[in-house]
Amino acid sequence: MKKAISVITAFIMILALSMSSLAAGWRQYESGEWTYIQDNGKALTDSWLESGGAWYYLGPDGLLLTSNYTPDGYWVNEFGIYEPQWGRRTDTAAPFSGTTYTGVYGYTFYLDHYADGVDHWSMKEFYPGSSYEKTYELYEKGPFAFEVMDILEGRTVGYLSVSPSREVVYVSIGGHTNRCGIGQ
């Protein structure tokens, strides 16, 4: 009986290890977003990943960042591949407070200065021509990048970066990037 339990335990351990290794790799959700699942079964977040000879960046929400600047200043194209010809950004940029940027969706950014010296950013998202509106909290990820948090849901839902001119924002939510400009 003791031997049978040991064999069953060993079988379960081998099965668990093989299942976790099967889980590692790229995964695409039905809605089209890509993520990378690690050997531990968790999505890779806030990290670069070399795959198939190309470099990719997984954002704070664990989704492949596309058509956007990474927090460390590199451009990734519409397929999420790092494009070295664009060089590296070293500037500092934040959206204009109280200004609306439009694209497929629209975003208005707000900067509040608290008495203790802490600056707090938020962003209102809306869909032009509809009653849809949602507010997110923004947390700095770098000199021109922010993590987008849904405080009510208690989770990170995206990422955004601001162009050097501050005239354009790239908002990545749900694995898709919306390029928005002032007066577009």
Side-chain angles (χ1 to χ4, degrees), residues 25-29 32-38 42-113 117-125 135-151 155-184:
W26 288 105
R27 298 290 181 269
Q28 186 175 27
Y29 296 105
E33 303 97 342
W34 285 92
T35 190
Y36 187 86
I37 304 299
Q38 303 173 85
K42 295 182 181 179
L44 184 64
T45 60
D46 284 324
S47 298
W48 282 99
L49 174 71
E50 190 274 329
S51 177
W55 284 93
Y56 301 88
Y57 189 84
L58 286 296
D61 55 358
L63 298 178
L64 177 66
L65 192 63
T66 61
S67 302
N68 208 331
Y69 291 99
T70 63
D72 53 353
Y74 298 100
W75 181 258
V76 290
N77 66 22
E78 67 272 16
F79 304 107
I81 299 171
Y82 158 60
E83 291 192 342
Q85 69 271 21
W86 290 99
R88 182 173 186 243
R89 287 183 63 181
T90 57
D91 63 288
T92 300
F96 292 107
S97 183
T99 302
T100 297
Y101 295 76
T102 55
V104 174
Y105 282 85
Y107 301 92
T108 305
F109 297 91
Y110 302 97
L111 174 61
D112 293 316
H113 302 285
V118 174
D119 288 342
H120 177 264
W121 281 96
S122 62
M123 149 180 115
K124 180 179 72 173
E125 176 184 63
T135 300
Y136 297 101
E137 302 293 320
L138 302 178
Y139 296 93
E140 290 186 44
K141 297 290 294 175
F144 49 80
F146 296 85
E147 180 173 351
V148 179
M149 295 279 300
D150 185 327
I151 297 300
R155 66 183 183 94
T156 298
V157 296
Y159 169 84
L160 77 91
S161 70
V162 182
S163 71
S165 69
R166 301 174 63 192
E167 299 283 325
V168 175
V169 294
Y170 304 90
V171 182
S172 297
I173 295 179
H176 305 283
T177 300
N178 187 17
R179 182 188 185 280
C180 301
I182 297 172
Q184 288 187 351

Query - Side chains of P60 and D46 in contact at under 4.5 Å (non-hydrogen atoms) - result: yes

Query raised in the report: Hey, what do you get for OG1 (T35) to CG (L44), rounding to the nearest 0.5 Å?
Result: 7.5 Å

Query raised in the report: Got a second to check how far T66's OG1 is from I81's CD1, nearest 0.5 Å?
Result: 11.0 Å

Query raised in the report: Quick one: which of D112, L138, L111 gives a side chain to side chain contact (heavy atoms under 4.5 Å, CB included) with H120?
Result: D112

Query raised in the report: Where the side chain of S172 meets the backbone of L65, is there a donor-acceptor pair that is under 3.5 Å apart?
Result: no

Report task. Nearest 0.5 Å please: distance from the OG1 atom of T70 over to the NZ atom of K141. Result -> 11.5 Å

Query raised in the report: Which distance, rounded to the nearest 0.5 Å, do you find between the OH of Y36 and the OG of S47?
Result: 11.5 Å

Query - Pairwise side-chain contact, F96 with E167, heavy-atom cut-off 4.5 Å (strictly under) - result: yes

Requested in this report: Sequence neighbours left out, what pairs pass side chain to side chain donor-acceptor pair (under 3.5 Å) with at least one residue falling in residues 157-166?
Outcome: N68-S161, S163-S165

Requested in this report: Would you check, one step at a time, whether the test side-chain contact (heavy atoms from CB on, under 4.5 Å) holds for D72 with R88?
Outcome: CA-CA 8 Å; D72 53 353; R88 182 173 186 243; 4.2 Å; yes

**Report entry** Side chains of Y136 and D150 in contact at under 4.5 Å (non-hydrogen atoms)
**Finding:** yes

Requested in this report: Taking all non-hydrogen atoms of both residues into account, name the closest pair between P95 and F146 and its distance.
Outcome: CD-CE1, 3.9 Å

Report task. For the residue pair V171 and M123, establish whether any side-chain heavy-atom pair is separated by less than 4.5 Å. Result -> yes

Query raised in the report: Under 4.5 Å between any side-chain heavy atoms of L160 and F109, yes or no?
Result: yes

Query raised in the report: Is any side-chain heavy atom of T135 closer than 4.5 Å to a side-chain heavy atom of Y110?
Result: no

Query raised in the report: If we only count heavy atoms from C-beta on, is the T100 to T108 side-chain gap below 4.5 Å?
Result: yes

Query raised in the report: CD of E137 to CE of M149: how many Å apart, nearest 0.5 Å?
Result: 8.5 Å

Requested in this report: Over 60° means perpendicular and under 30° means parallel, so classify the ring planes of W86 and W75, tilted if in between.
Outcome: tilted

Query raised in the report: Does N178 reach the main-chain N or O of G103 with its side chain, forming a donor-acceptor pair under 3.5 Å?
Result: no

Query - Side-chain (Y105) to main-chain (C180) donor-acceptor, under 3.5 angstrom - result: no

Report summary line: Result for ring-ring contact (aromatic ring centres under 6.0 Å, His included) between Y74 and one of Y57, W55, Y82, Y56 points to Y82

Query raised in the report: Can R179 and Y170 be said to form a side-chain contact (heavy atoms from CB on, under 4.5 Å), step by step?
Result: CA-CA 5 Å; R179 182 188 185 280; Y170 304 90; 3.8 Å; yes

Query raised in the report: For the atom pair CG (L64) and CG (L58), what is the distance rounded to the nearest 0.5 Å?
Result: 6.0 Å

Query raised in the report: Is any side-chain heavy atom of T156 less than 4.5 Å from a side-chain heavy atom of Y139?
Result: no

